[in-house]
Each structure stands twice: as C-alpha cells, then as structure tokens.
There are 2 protein chains.
Amino acid sequence: MLDRIRIVMVGTTHPGNIGAAARAMNTMGLSDLRLVSPLQFPHVEATARASGSADILASAKVCASLDDALEGATLVVGTSARQRRIPWPCLSPRQLGAVAAERIEQEQIAVLFGREDRGLTNDELQRCHYHVAIPTNPDYAVLNVASAVQLIGYELRLALVGDPEAGEAPRRAGRHCLALPPMEWDAPPADAAELEYLLRHLETLITASGFVDPASPGHVMTRLRRLFLRARPDKVEISTLRGVLTSFARYLPSPESEGGNR
Amino acid sequence: MLDRIRIVMVGTTHPGNIGAAARAMNTMGLSDLRLVSPLQFPHVEATARASGSADILASAKVCASLDDALEGATLVVGTSARQRRIPWPCLSPRQLGAVAAERIEQEQIAVLFGREDRGLTNDELQRCHYHVAIPTNPDYAVLNVASAVQLIGYELRLALVGDPEAGEAPRRAGRHCLALPPMEWDAPPADAAELEYLLRHLETLITASGFVDPASPGHVMTRLRRLFLRARPDKVEISTLRGVLTSFARYLPSPESEGGNR
C-alpha cells in the first residue's frame, strides 16, 4: 500500500536534504521519490546522506514541472505552515494518515514538500486537495525538509501498516503478558542515581555472598535490574532496601572493593 | 512541561547529528540536551546543522558519564530496536507520549539515544525503565539519530501540548498513576504462593540481621510487600531472588524458626 504514495520534493536547494529524505522514506517503507527542479542532483552529498538508500535515489525521477511529478496522482497533499490568506482544507499529519488509510485503495497519493527557505508557492499549494501542517513550537517552526518527510512517512506507515509489535490489537493473545495496573504513589519516585546505588550495592553483596561469580555473572543482574526498574521504587522504598542490604552486609565477607556502599 | 524532558545523546560520532538533533528538539519545543562523551563537540558542523537553534547547542551539557546525564532523572527511557534476549518493558513512541502525558508532573524524564552505528549498549539499556522502539521498515530500520529525536519529540509534543489548530487536545490526564504497557514476557508470572514464600523468607532474614525488631516491626514489611507485589515478579525472578536470599542466609545468625526456607 505504501507504494501508492509518492513523495514530491519541489525546488530543493541542498542535495544533502534529498539524500536524508530518501533515507527517511526508506525507514518508513516509502520508495517513490520525485524531484521537481532540484538545484543539484545527483550530488555526492545526496548520496552520502542517503546512507543505505541508494536505490531510492537511483530511481528518483527528476521532473521539469510539478505537472510531471503529479502524473497519475489522484490525491495531492501539500505540506505547509498553517493559514494562508484563503483557508484551505487542512489536516494534521495524523489526520492525513487516517485519510490515507481510508482512501489508499482508490487513490494514488502525492505528498509535496517545498523549498528549504520558503516552502511551496501559493500556486503549488493551490494544486493540493489538502494542506498538511506539522505541529511545531510556535517560536521555532523551522522544520528541516527531510525531517518533515520523516514525520509524514511515520504517520503514513502507522496508519497503513501499523505497529504490530506495539500491540494495538490483541497481539499474540494469551501468552505471558504482564499487564501492570496504574499506580498511586505516596512518596516521590527515586531518581536514577538512587536506583543505581541500590543495584550496585546489591551486586556487591551477591558477589560477596558467592551467589554470582564475577568471572561469569550470567544474566542475574540483568534480571534483578529489570525487576527493580519495573517496580520503580520510591525514595522511601529505596532507603528501606538499602537499609536491608546494609544489615546483611555486616555479616557477609568483605568485598574487595567498596562498590556498593556509596 | 516539555522542560521536564531531557534528550540524552550517548557517544554520538558525527557532530552534524548533534546539530540536527538540537534543531529537531527546537521545532518540537524541547530544549534540554545532554551529550555523553560526544566524539567531537563543539564543532562547526553541529553549529551549521543546528540552524537557528544555537541556544540549545550553547546550553547543551557535555557529560563524562551516563550517570552525570541522568542526574535527577526519575524516568529513564532508551530508544532501541526491539527484542533483546531478556524482554524489557517496551513502548511505541505513541505509548511513550501517553506515559509522559500522565506522569509529567511527577517525573523528570530522560530519553536516551545511542551511537549512530550500534545504538545503546546493553548496560545503558539496562539503566532504562522502558525501551521505546520506533516502528520502521523491517528491511531498512536504519533511522538517523536526529530523525529519531525528531519523531520522539513530535510524539511528546502531541501528547503534552497537542495540536490545538487541528483540534487535537493533549492527552494529559493529570492523574497520579503510572501506566505500564502490556508486555510480552519470557517467563510465566509467579503465583501468589511463590511470592508469599519469597516475602516470608525476606522477613526471616531481615529479622535475623537485626534490621527489624520483631517486637516493633513498623511498616518495613508492608513497604517491601507493596514493592514486590507491584513489580509482579515472574517465576524466574522469584527463584533468582530466593537464591540471593539463600546465599545471604548462610552468613546470617540462625533464626529461631525456619520460617523462610520452605
């Protein structure tokens, strides 16, 4: 389905951005790139920034006009900052994903990305069925064009392919799925350093007690880390646990180093 | 609220990526950038790619260790491809947004981004409460690190600030709870009896070590119970913990009864 979507970069000035856009497309499974009057292409910087996406650059179609680039497209979407003088049907990237998901079987979709310095012209924007505006910091809305391709590609991928591994739907149901409840807290959460000291203290003691052999520790500490990170001890719990460990430490053989008792 | 989120780039090789990440952060309203052992910084390429985001670069904190970068952080999230040998609580970027929206008032959040060529190390990933995996083309999952910052920043912005112009409100619920994702697990959950034996074993030992006085035990066991119940240890974790306790017990004064060693 993603092959029914083309990315059209119009009047791109920096070839590095074309390469970065190709790479961004590739990470999201898009492959149809069209370039309207790029300033420099092909170019060594495009190739460098494309990283492993040379195929997309090699098959990118350089077009002399927007008409060329839109050949066969049925649904044209232009990326733009919001609000021109004459309001246009405008989508968020997520809404664009929803439209694409609904219409993909019936459409050939083109998404237009404009020049680095001034975007798409009014004429170009008026070729579009929709405009799409990426939400940004109002004080700094200067999104790089390849980053815009990345974000739009991401929303299109999520809408059309989904993220099966994140399990929106019941994923591989019935297996050892540990659903944890929301939690109320009565003490502030410990910070990363406090947890780290606890875990190092624990590691020192289980080494001293002989439970782990420092020469081949296996996965013991990994499992214990995962457990305590998951539990997210609060400050009181951390200090309780450290007290417990200190009370054990008095009886254990001295460790060579002071690793845990910071 | 976005100021309670820091971006931590670990071992970044190309200074251009640091600049591009600063710009990506700025477009999404993030400003706290920490760099753990960057190969080259400051650097002219970082400045060039940062475009109008020199302020973020100028105030970026260069840290000698991950510990430094995590100072004061309470919720640590590491970007990673999916599936290590020992599964870890893993979020999609959108789920991360939901967690951030619910927890932002109570947390200082750090999001870690690893090296260009090999990401975060296992040790670094094991410092994280959650891993977050950006959904990508399975045939080309090589997302640029600044692009990853852009996508995560986008989801965090949408979740915390929303996209008011598109009529999409932020998802902030303002509740004091921690939403954890459903998890695929590698071992079945322990049952209540197994957990109970663990807790009694622990109680026996902290009595033997003198940490609690059986005549006036206070709330120590209550807190420890709550912690372990919340963590919901699986069977392997329980057996690891019992092994740890048994290794300590050999050195502790004998308790009067055999309470814990069933």
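Chain identifiers are assigned alphabetically (A, B, ...) following the order of the sequence lines, protein sequences preceding nucleic acid strands; residue numbering begins at 1 within each chain.
In this structure, the portions of V142(B) lying under 4.5 Å from any heavy atom of chain A include both its backbone and its side chain. Neither the backbone nor the side chain of E116(A) comes within contact range of chain B, judged by heavy atoms closer than 4.5 Å. Residue L199(A) does not touch chain B at all, counting heavy-atom pairs closer than 4.5 Å. Proximity to chain A (any heavy atom under 4.5 Å) is restricted, for D67(B), to the side chain, taken from C-beta onward. Using a 4.5 Å cut-off between heavy atoms, R157(A) contacts chain B through its side chain alone, with no backbone atom that close. Heavy atoms of L30(B) lying under 4.5 Å from chain A are absent altogether. In this structure, chain B has heavy atoms under 4.5 Å from both the backbone and the side chain of A192(A).
The most heavy-atom pairs under 4.5 Å with chain B, out of V236(A), L151(A), V161(A), come from L151(A). Of the listed residues L2(A), D139(A), N144(A), the one with more heavy-atom pairs under 4.5 angstrom with chain B than any other is N144(A). Chosen from N26(B), L227(B), L70(B), L224(B), the residue pairing most often with chain A at heavy-atom distances under 4.5 Å is N26(B). Contact count versus chain A (heavy atoms, under 4.5 Å) is highest, among R250(B), R23(B), Q108(B), for R23(B). Of the listed residues (T240(A), I134(A), L241(A), T222(A)), the greatest number of heavy-atom pairs within a distance under 4.5 Å of chain B belongs to T222(A). Note: S53(A) leads G153(A), P138(A), S53(A) in heavy-atom pairs under 4.5 Å with chain B. In terms of non-hydrogen atom pairs under 4.5 Å with chain B, the most contact-rich of A141(A), A193(A), G243(A), G210(A) is G243(A). Top candidate by heavy-atom pairs under 4.5 Å with chain A, chosen from A24(B), P135(B), G52(B), is P135(B).
Between F248(A) and F248(B), the two ring planes are tilted [angle within 30° to 60°].
Here the straight-line distance linking atom OG1 of T74(B) with atom CG of L195(A) works out to 11.0 Å at 0.5 Å rounding. Rounded to the nearest 0.5 angstrom, R94(A) CZ and E155(B) CD are separated by 4.5 Å. Rounding to the nearest 0.5 angstrom, the gap separating the OG atom in S247(A) from the CG atom in L205(B) is 9.0 Å.
Partners of V212(A) under the side chain to side chain contact (heavy atoms under 4.5 Å, CB included) rule, at least two apart in sequence or in another chain, are I206(A), T207(A), V220(A). Qualifying salt bridge (Lys or Arg N to Asp or Glu O under 4.0 Å) partners for E45(A), counting only residues two or more places apart in sequence or in other chains: none.
A salt bridge links R226(A) with D234(B): at least one charged nitrogen is closer than 4.0 Å to a carboxylate oxygen. Looking at R127(B) and D191(A), no side-chain N of the basic residue comes within less than 4.0 Å of a carboxylate O on the acidic one, giving no salt bridge.
Q150(A) and Y154(B) form no side-chain donor-acceptor contact under 3.5 Å, judged by distance and modelled atom types alone. For Y251(B) and S209(A), the side-chain atoms include no donor-acceptor pair closer than 3.5 Å.
In plain terms, the two heavy atoms of S92(B) and D163(A) that are nearest each other are CB-OD2, 3.4 Å. Listed here is the closest heavy atom pair of L229(A) and C128(B): CD1-O, 3.3 Å.
Remark: side-chain polar atoms of R223(A) are not paired, donor with acceptor, to backbone N or O of E237(B) under 3.5 angstrom. Looking at Y140(A), its side chain never comes within 3.5 Å of a backbone N or O of G29(B) through a donor-acceptor pair. Between the side chain of N137(A) and the backbone N or O of M28(B), no donor-acceptor pair lies under 3.5 Å.
Other residues, nucleotides and ligands place no more than 12 heavy atoms under 6.0 Å from the OH atom of Y130(A). By the neighbour-count criterion of 12 heavy atoms within 6.0 Å, atom CD of E71(B) is sparsely surrounded, having that number or fewer from other residues, nucleotides or ligands.
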